[in-house]
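One structure is given below, encoded as structure tokens.
In what follows, every chain begins at residue 1, and chains take the letters A, B, ... in the order their sequences are listed.
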Amino acid sequence: MSEHLPELSTAYAPADVESSWYARWCDSGCFTADPTSQAPAYSIVIPPPNVTGILTLGHVLNNTLQDILARRARQTGHEVLWLPGTDHAGIATQTVVERQLRKEEKKTRHDLGREAFLAKVWEWKEKHGGIIIGQLKKLGASCDWSRERFTMDEAYARKVQEVFVDLHKKGLIYRGKRMVNWCPVSLTALSDEEVIPKKQKGYLYHFKLEVVEAPGTWLEIATTRPETIMGDTAIAVNPMDQRYAHLIGQHVRRPLPLNVEALLPIIGDEAVDFEFGTGVLKVTPAHDKADYEIGLRHNLPVIDIMNANGTLNDLAGEGFAGLDRFEARMEAVERLKELGLLTKEDPYENNVGFSERADVPVEPRLSEQWFLKYPKTLEARDAVRKGLIRFFPDRWEKVYDHWLENIQDWCISRQLWWGHRIPVWYPAESLATGTTEGIRVQIESPGEGWTQDPDVLDTWFSSWLWAHDTMDEAVRGKFYPTSVLVTGPDIIFFWVARMIMAGLEYTGEIPFRDVYFTGIIRDKTGRKMSKSLGNSPDPLDLIAKYGADGLRFGIIRVAPQGQDIKFDEKQIEEGRNFANKLWNAVRFREMQGPATASPDLTGLELPEIAIHLLERFDTMHAALRGAYADYRFHEVAGLLYDFFWGDYCDWFVEAAKPILYSQSDEDSSAKAAILATMDVVLSGILRLLHPLMPHLTEELWRHLGYTAAASASAWGARNGFLLYTQPPEENHLSGVSHERISAAAASTKALYSAVHAVRNLRAEFKIPSKQQVRFLLASKGDLGEFTKLQSAIFAALTRASAVELITGSAPAGTPSILTDIGTISMPLEGLIDLEAERARVTTEIAKVEAELEKVNAKLADQSFVEKVPAAVLEDHRLRHTKWSEKLETLKTTLKTLG
RNA sequence: GCGCGAUUAGCUCAGCGGUAGAGCGCUUGCUUCACACGCAAGAAGUCACAGGUUCGAACCCUGUAUCGCGCACCA
């Protein structure tokens, strides 16, 4: 603790400070949770980033918030577990490794085979999977790294499979041939949540077909997907539609493929909207969800004309087979034109579902998949409705509730190799026949001759167990349910809702009490930041430039609860500047001699400016506790910033200088009181700021040689760190009477506002800032004597050569101003421009008259005076007095100017 | 179509019933013995629009507009 420390440099250089403190915390086990601790538990599980991930600004925001909560909890005496980890990100990771394989070895995963490919993925994971973890450490994240988890860890993976087996046993998991969202690039099914609707500009094509039984009668059909005509098996109209109802039961000839002009029945189905297009629908059961339903109702054949990769197959016929679906669209249009059937091409905008990962239109595809009927949906809704789980901001409750109300079964199988393999075994005969008879749902192989389902589970089917299955028995006993979850609203369905259901199903408890939803970080033009747009600055560059603490503080200060954030590097620069300000304020303190963190103020005679400052500090601290209570982090940052920069640096330190620099013996007790006040406030600020700027505050704490009461959860090697130091006390002025406090506050405020007014006067008259000026003060007296100390402070802050107390009004022709301490005039010995001063005073009079008029109008209003609360009325009366006085003074001044 | 946000100083955003705020940018002075990543002073706003409630509205209510997001629809 008492190591020799060099003097602080004039500018804070974060790089070394940050890495060395991070290492010391880790080496001392500061982040390692102790399940046997007696201290109350506080726990958070990290939203696991993808192993393929690199840190984005979104992660910075999200993890800084978690770190703030974790560090604040440690300071307030909790035993903290912040459990970190990553998820295996099935599609993303497999894609990355496949791409690398193609590039480096010109091979596909099929060339390697399943086992060899998976070995490659693991190899890749070991090599690159830790990147984002390393980045979180650079940010200062105080995670318990000894408990880092991965969704493919052996124990965790086993849990995932057990859950599958269990839910199957409960009848909630089933296999079925259904229409699913198919990604033709990733070659797998997707859940509904992984499909992102995007507006697409295309065409609505109209073509006509002649009714076979009624030559000369043509039906006109509107479609956006003419390439699926070859898969059509009926034409549908609404049975209530007078235009077409009589044609039901008759037929048309399908125009494509050319050589097989099949007859299609005209059917009646109420799903057809008369208003849309022509009111006639082509029915393609194999390639459209709604059409599939119609097909089921009418027993229509299903013709699948597409391959898994989105190209057309042989059933599409010559000229189409092998074409990509979008090439085929153009081709189909050409053919229809040639046949003279195309009647219209209207430009048309519609929503097309895109694959979240591959960013290509998904293809509705009929396939065998595993589905889950969600467990505990009612309980999950109730947990939030009844406030067992609280959402911040609470508007997300509605979104959550709505989703659960309309919940659909979840397609959980993925046609990938990287992931948790589905624990289902098929006997040889079932494989041959394609039936599901005789299959076994269990983790271990039933023996020779059984084949495991080749598919894996949706990554979210593993991460929905994250809140409880990352913990062993002992840890769960202490730390589950977790205290809070911090995440983005974009995964409210993917993760939050599902985790609540899993928690209820498998632990019988909610997984977390509070959920804090962050805002989404956008670029200057309002676009969401993403890898593909390349509009996200690299947080590591920002850390290199501004320091992790600067980055953290900067981003927190502009992140109001649940509101999206338009990112601007200037914001981070401000964070860095604030760090530097703190650094220099501490430097200044060190120059004044040795410091102590918790000096006893009771025996000291505190100057009024000190009482005022401590009162401001306590007020700020109370507001800060309130802000923490409902996760208003940007307010926490704002309170600390405003108090420290404004109240402490700009006013208190500057006002304290004449005392600190005084050589006179009679000032020595005031000097001691000032230094003690500085220590109280600096140590308090460092403690309160620590969760936001951990490295810098810890460095300064150590540098100042501060020590203070450790929190209840500090033991052994944890002792002595600011990280485990309690927040400052809540009431620093318990030994001072209320009268004295309010008198000190009033006189200090008056003094400061007089300083401000006089500085303004100086500037108005263009007095060079170096030039000292003599001021005359006609004291108002209602604040008591203008003390020697106040006079010294006033002189120092206004660069006065002297402040002479006078009685009566200011000398004629002297610029003067009414302040809260009295009328202050600035005799310039004939140097002033009378004309300019008259103009200044006249403008001022106009302003004051306008204000006075406003107050007068209110006070003259009978109903205002009667109905308004007493305090407000008093406030207005006071205002009236003030403006009136001011006006009087100004008028007198104007008169003396001639 | 339904729901949710946003609209306040040139920019980024606070404030959400009692005299319109911050930071940046801008103007003017300052190499003042902690800090130019700084200090001091200043200019700058019909708080999107229209109604309503209230003694009083940026704030509450009802509409409208623009932008964004989610859900549904999507032939």
### Query
Which heavy atom of A:A839 sits nearest a heavy atom of A:T843, and at what distance?
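Heavy atoms only, the tightest pair is O-OG1, 2.6 Å.
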### Summary
On a heavy-atom basis, the closest approach of A:M693 and A:G575 is CE-O, 3.7 Å
So, is [X] close to the [N] phosphate, meaning a side-chain N or O under 4.0 Å from OP1 or OP2?
X: A:W403; N: B:C4; value: no
X: A:R395; N: B:C4; value: no
X: A:K581; N: B:C39; value: yes
X: A:Y661; N: B:A34; value: yes
X: A:N350; N: B:C73; value: no
X: A:H756; N: B:A41; value: yes
X: A:K566; N: B:C13; value: yes
X: A:K854; N: B:G18; value: no
X: A:N584; N: B:G38; value: no

Under 4.0 Å between any heavy atoms, over every strand shown, what does [X] touch: base, sugar-phosphate, or nothing? Just pick one.
X: A:P869; value: base
X: A:Q571; value: sugar-phosphate
X: A:F274; value: nothing
X: A:D288; value: sugar-phosphate
X: A:V558; value: nothing
X: A:R759; value: sugar-phosphate
X: A:V272; value: base
X: A:D650; value: sugar-phosphate

Gap in Å between the two [atom1] atoms, one belonging to [N] and one to [M], rounded:
N: B:A48; M: B:C67; atom1: C1'; result: 11 Å
N: B:U32; M: B:C39; atom1: P; result: 14 Å
N: B:G18; M: B:U12; atom1: P; result: 27 Å
N: B:A14; M: B:C26; atom1: P; result: 24 Å
N: B:A34; M: B:U19; atom1: C1'; result: 36 Å
N: B:A20; M: B:A43; atom1: C1'; result: 16 Å
N: B:G15; M: B:U7; atom1: C1'; result: 15 Å
N: B:C4; M: B:C61; atom1: P; result: 12 Å

### First encountered from the 5' end of RNA chain B, between A:K882 and A:V399
A:K882
### Query
For RNA chain B, whose closest nucleotide is more 5', that of A:F588 or that of A:L204?
A:F588
Ignoring hydrogens and geometry beyond distance, is the side chain of [X] in donor-acceptor contact with the base of [N] at under 3.5 Å?
X: A:K398; N: B:C4; answer: no
X: A:R576; N: B:C37; answer: yes
X: A:K657; N: B:A34; answer: yes
X: A:Q592; N: B:A34; answer: no

Using the side-chain heavy atoms of [X], tell me which of these nucleotides is nearest: [options].
X: A:E654; options: B:C35, B:C71, B:A75; value: B:C35
X: A:T10; options: B:C35, B:C73, B:C55; value: B:C35
X: A:A763; options: B:C71, B:A41, B:C30; value: B:A41
X: A:N760; options: B:C37, B:U32, B:G42; value: B:G42
X: A:D861; options: B:C55, B:C39, B:A34; value: B:C55
X: A:N577; options: B:G56, B:A41, B:C37; value: B:C37
X: A:K847; options: B:U19, B:A43, B:C55; value: B:A43
X: A:F864; options: B:A34, B:C24, B:C55; value: B:C55

### Summary
Given the options A:F644, A:W645, A:Y752, A:W651 meets ring-ring contact (aromatic ring centres under 6.0 Å, His included) only with A:Y752
### Task
Pick out which of A:Y12, A:F553, A:Y546 makes a ring-ring contact (aromatic ring centres under 6.0 Å, His included) with A:F578.
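With A:F578 as partner, ring-ring contact (aromatic ring centres under 6.0 Å, His included) holds for just one option, A:F553.
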Could you give the [atom1]-to-[atom2] distance, from [X] to [N], as a whole number of Å?
X: A:N351; N: B:G1; atom1: CG; atom2: C1'; answer: 13 Å
X: A:D564; N: B:U12; atom1: CG; atom2: C1'; answer: 14 Å
X: A:L696; N: B:C35; atom1: CG; atom2: P; answer: 17 Å
X: A:E405; N: B:A72; atom1: CD; atom2: C1'; answer: 13 Å
X: A:N580; N: B:C35; atom1: CG; atom2: P; answer: 10 Å
X: A:I520; N: B:G5; atom1: CD1; atom2: P; answer: 15 Å
X: A:E590; N: B:C35; atom1: CD; atom2: P; answer: 14 Å
X: A:K570; N: B:A22; atom1: NZ; atom2: P; answer: 19 Å

### Task
Rounded to the nearest 0.5 Å, what's the gap from CD1 on A:I685 to CE on A:M620? Could you check?
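It is 4.0 Å, given to the nearest 0.5 Å.
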### Task
Mind checking the CD-CG spacing from A:E18 to A:D549? Nearest 0.5 Å is all I need.
4.5 Å
Modelled atom types, side-chain donor and acceptor of [X] and [Y], under 3.5 Å:
X: A:S863; Y: A:E866; value: no
X: A:H880; Y: A:R877; value: no
X: A:R498; Y: A:Y374; value: yes
X: A:H402; Y: A:N406; value: yes

### Query
Counting a pair only when it is Watson-Crick or G-U and both distances are under 3.5 Å, which runs of at least 3 such pairs involve RNA chain B?
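In RNA chain B, stems of three or more pairs: B:1-7 with B:65-71, B:10-13 with B:21-24, B:26-30 with B:38-42, B:48-52 with B:60-64.
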### Query
Got a salt bridge between A:R840 and A:E764, using NZ or NE/NH1/NH2 to carboxylate O under 4.0 Å?
no
### Sidechain N-carboxylate O distance under 4.0 Å for A:K570, A:D568
no
